[in-house]
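What follows is a single structure, written as structure tokens, with notes after it.
Order of the sequence lines fixes the chain letters, A, B, ..., with proteins taken first and strands second; residue numbering starts at 1 for each chain.
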There are 2 protein chains.
Amino acid sequence: MEEQKLEVVNKPTVNDIARVAGVSLATVDRVLNRRPGVRAVTIQKVQKAIDELGYIRDTAAANLARRRVYNFLFVLPDTDNEFVEALSNQIAEQSRNQFIERTRTSIQKVTPFEPQDIVEILDAVDGREVDGVAVFGPETPSVRDAVKRVRDKGIPVVAMVSDLPSSDRDHFVGIDNVSAGRTAAHLMGRFVHQRGKVLVLTGSRLARDHLERRQGFDLVVAEDFPHLEVVASVEGRDDPELIYKMMPEIFDSYPDLVGIYSSAAGNAGLIQFLTESKVSEELVIIAHELTPLSREALCMGTFDALISQDSGHIIRSAVRLLRATSDGVPFNRAQERIRIDIYLKENLPP
Amino acid sequence: MEEQKLEVVNKPTVNDIARVAGVSLATVDRVLNRRPGVRAVTIQKVQKAIDELGYIRDTAAANLARRRVYNFLFVLPDTDNEFVEALSNQIAEQSRNQFIERTRTSIQKVTPFEPQDIVEILDAVDGREVDGVAVFGPETPSVRDAVKRVRDKGIPVVAMVSDLPSSDRDHFVGIDNVSAGRTAAHLMGRFVHQRGKVLVLTGSRLARDHLERRQGFDLVVAEDFPHLEVVASVEGRDDPELIYKMMPEIFDSYPDLVGIYSSAAGNAGLIQFLTESKVSEELVIIAHELTPLSREALCMGTFDALISQDSGHIIRSAVRLLRATSDGVPFNRAQERIRIDIYLKENLPP
DNA sequence: ATTTTTTTGAGGAGCGTACCTCAAAAACGT
DNA sequence: ACGTTTTTGAGGTACGCTCCTCAAAAAAAT
């Protein structure tokens with residue numbers, strides 16, 4: 001038995017800073033809140049005291065005094081896609097805790113794959129009403145510039161699910177999609193025993209996340225699994241009906257199809273086709289996102305594995321990052337890292 | 001584009017309760033903090049007002065006024081096991097944020113598989129100094145009773161990693177280990193192509209988590225993978241050296257070994273043996289917990305998959321649950337669910 | 001050296017809650 | 001109806017911080 005105790009140090013307060021810096025509380029306050037009318041030398045004195053004491057502002061007390069409420073805007077594609085629905089629900093869930101978290105969220109839904117909509121909404125964002133924006137959208141030049149304009153107004157922006165690296169969004173909340181594609185490929189390669197062709201069902205060429213998944217998938221199949229051949233990918237536009245209609249032709253073209261990687265949304269169409277047409281049980285299907293539908297397909301054995309990202313985690317993380325950015329305080333990188341979840345029928349959450 | 005805005009409602013405060021209930025602030029305070037000297041009828045009046053208003057106590061303000069600091073005690077086995085080390089580091093990390101989170105943590109390390117040590121420590125817990133206890137230990141009758149005694153003192157207890165369901169611990173923070181074993185079996189069954197024997201390397205018969213994993217593993221192999229046969233499991237006592245010494249004999253006994261499920265700790269010994277002895281590349285190895293060592297083994301191809309649980313998530317969750325229990329406030333079940341993480345070399349975190 | 005401008009200090013009110021004291025009111029026992 | 005006990009109310013102080021005002025001091029400009 002070995003004990004490890006912490007020495008109890010009193011938390012330094014604004015009054016301590018004032019005392020140590022030899023200035024008044026008012027001056028400390030001016031410095032802390034970047035109010036004007038303080039000489040550079042004085043600012044330095046205060047800063048020195050802050051550093052010496054290791055002062056950390058009590059955000060809870062500050063927010064109480066300020067009666068601060070964070071208003072965050074979420075921009076999501078307006079589809080009946082289960083994953084987007086899950087995100088919406090999680091955002092609503094956040095709002096339910098608005099009193100506890102001092103955070104109010106609102107959602108703006110935009111026509112999918114329609115950058116102009118996003119641009120309009122971003123340009124309409126008012127810094128007096130909105131303290132942060134989270135965007136799930138395609139990485140186009142116009143979106144990129146609109147994000148820049150929002151940030152120029154001093155409003156933090158995070159990209160969700162699909163990154164916007166060329167804009168200078170403050171953070172990206174989501175998985176590494178190249179890695180997700182690689183993971184899918186690895187599972188595919190190890191689940192499929194015989195040689196044959198593999199199809200990648202993608203969503204849109206505009207969606208960065210879809211492109212990245214495809215890219216990762218191809219790389220790993222090429223590197224590690226010579227028994228597989230990835231055929232030209234098919235764009236399903238996240239549309240179940242379209243996907244359903246396309247499937248027969250695909251199976252006709254590739255009689256030696258051994259696997260499908262459904263890297264985007266619209267799983268309903270795929271599932272419908274698979275259950276109706278009684279394809280080989282050997283066919284390995286790997287899809288994305290754990291939703292009621294994909295979960296059932298996994299349980300029934302229609303799907304073999306799911307690559308997923310936790311919608312609750314994504315939304316909570318987006319909120320925490322927007323709050324931290326808005327307050328200019330650090331955050332825990334590890335906590336905000338969204339994991340690439342792999343679901344088999346054996347490790348489904350209850 | 002479709003907008004969804006929230007009506008802005010003012011957060012009800014204690015003063016609102018007093019007004020609505022037609023009593024004084026002092027009385028509301030007495031009721032809220034369960035202070036004596038209030039008639040049952042008055043308590044009901046206040047409670048009614050609370051319900052009507054949907055009042056939620058502002059914990060931040062309350063903790064400020066109380067100058068509350070949460071003191072949590074973590075009881076961990078004293079091993080040089082990487083996973084336990086990761087937990088310790090995460091606990092220390094929590095303490096680093098003690099000013100922000102108003103949470104102070106301390107760690108007590110106990111001799112592994114030695115219930116008496118845990119009992120002593122639990123019995124020494126003082127309610128004036130400790131606001132909650134998190135225990136990672138074996139489920140023995142004496143531990144169970146000691147946990148009960150701690151709870152009888154009004155101190156919340158959570159079990160970490162390995163559950164103590166027979167004690168009435170407030171919560172369990174960790175994965176479903178039966179499910180983890182099932183997951184390992186599923187991967188094993190699908191990764192191994194030819195028929196052969198599979199070995200389960202376990203830790204201790206006392207550890208509930210190890211037992212559960214074994215159980216889940218056996219079930220799924222029996223159900224779904226007739227080409228595999230699970231042989232009698234070997235107890236490694238989480239000891240790398242012991243495991244290293246045992247391996248040659250095992251390989252001699254089972255020339256047709258196709259897979260190893262290392263369900264406990266002590267991976268270092270296994271890795272050392274595998275790299276030295278150049279066993280077949282076909283041999284599938286699935287181990288537990290992502291650590292520097294197991295990570296490297298996965299990258300090198302020595303391990304084929306890892307079943308893991310996020311140590312950061314576990315500690316943060318334990319702290320949040322202890323805090324919530326101690327305050328008597330609800331918590332977000334989904335957020336506190338620890339996932340069974342599957343790592344392949346393609347989805348390792350950066 | 002005087003005026004003007006800038007910088008600083010002192011102090012107070014308030015955020016939502018806790019906790020304390022003292023007196024007044026209500027309920028109770030006889 | 002009396003005293004006694006219990007219950008309630010009024011008010012204050014505090015937590016750590018924000019934000020405001022007004023006056024005093026210091027620095028800069030003339």
* Would you indicate, yes or no, if C/dA26 has its OP1 or OP2 atom less than 4.0 angstrom from a side-chain nitrogen or oxygen of B/R39? => no
* Please report, rounded to the nearest Å, how far the P atom of C/dC20 is from the CG atom of B/D29. => 10 Å
* To do: Check the surroundings of atom NZ in A/K48: do more than 12 heavy atoms from other residues, nucleotides or ligands lie under 6.0 Å from it?
  => no
* To do: Round to a whole Å and report the spacing from CZ of B/R35 to P of D/dT8.
  => 15 Å
* Structure fact -> Judged by nearest nucleotide, the residue sitting upstream toward the 5' end of DNA chain D, A/A62 or B/P36, is B/P36
* To do: Could you say whether B/L64 or B/R30 is positioned toward the 5' end of DNA chain C, judged by the nucleotide with the nearest heavy atom to each?
  => B/L64
* Let me know the distance between NZ of B/K45 and C1' of D/dG9, rounded to the nearest Å. => 12 Å
* **Phosphate OP1/OP2 of D/dG16 contacted by A/T13 side-chain N/O (<4.0 Å)** => no
* A/D131/A/R68 ion pair, N-O < 4.0 Å -> yes
* Do any side-chain nitrogens or oxygens of A/R67 fall under 4.0 Å of OP1 or OP2 in D/dT18? -> no
* To do: Mind calculating the distance between CZ (B/R19) and P (D/dT8) to the nearest angstrom?
  => 20 Å
* Starting from C1' on C/dC15, measure out to CZ on A/F99 and report it in whole angstrom. => 16 Å
* Asked: Taking OP1 and OP2 of D/dA10, is either one under 4.0 Å from a side-chain nitrogen or oxygen of B/S24?
  -> no
* Quick one: B/R66 CZ to C/dG16 C1', roughly how many Å, whole number? -> 12 Å
* Exam field: side chain B/N332 to backbone B/A334, donor-acceptor pair closer than 3.5 Å -> yes
* Asked: Do any side-chain nitrogens or oxygens of A/R57 fall under 4.0 Å of OP1 or OP2 in D/dC17?
  -> no
* Asked: Is it true that the side chains of B/T27 and B/K45 contain a donor and an acceptor less than 3.5 Å apart?
  -> no
* Nearest whole angstrom, please: distance from the P of C/dT17 to the CG of B/L32. => 8 Å
* May I have the distance from A/N15 (atom CG) to C/dA10 (atom C1'), rounded to whole angstrom? => 13 Å
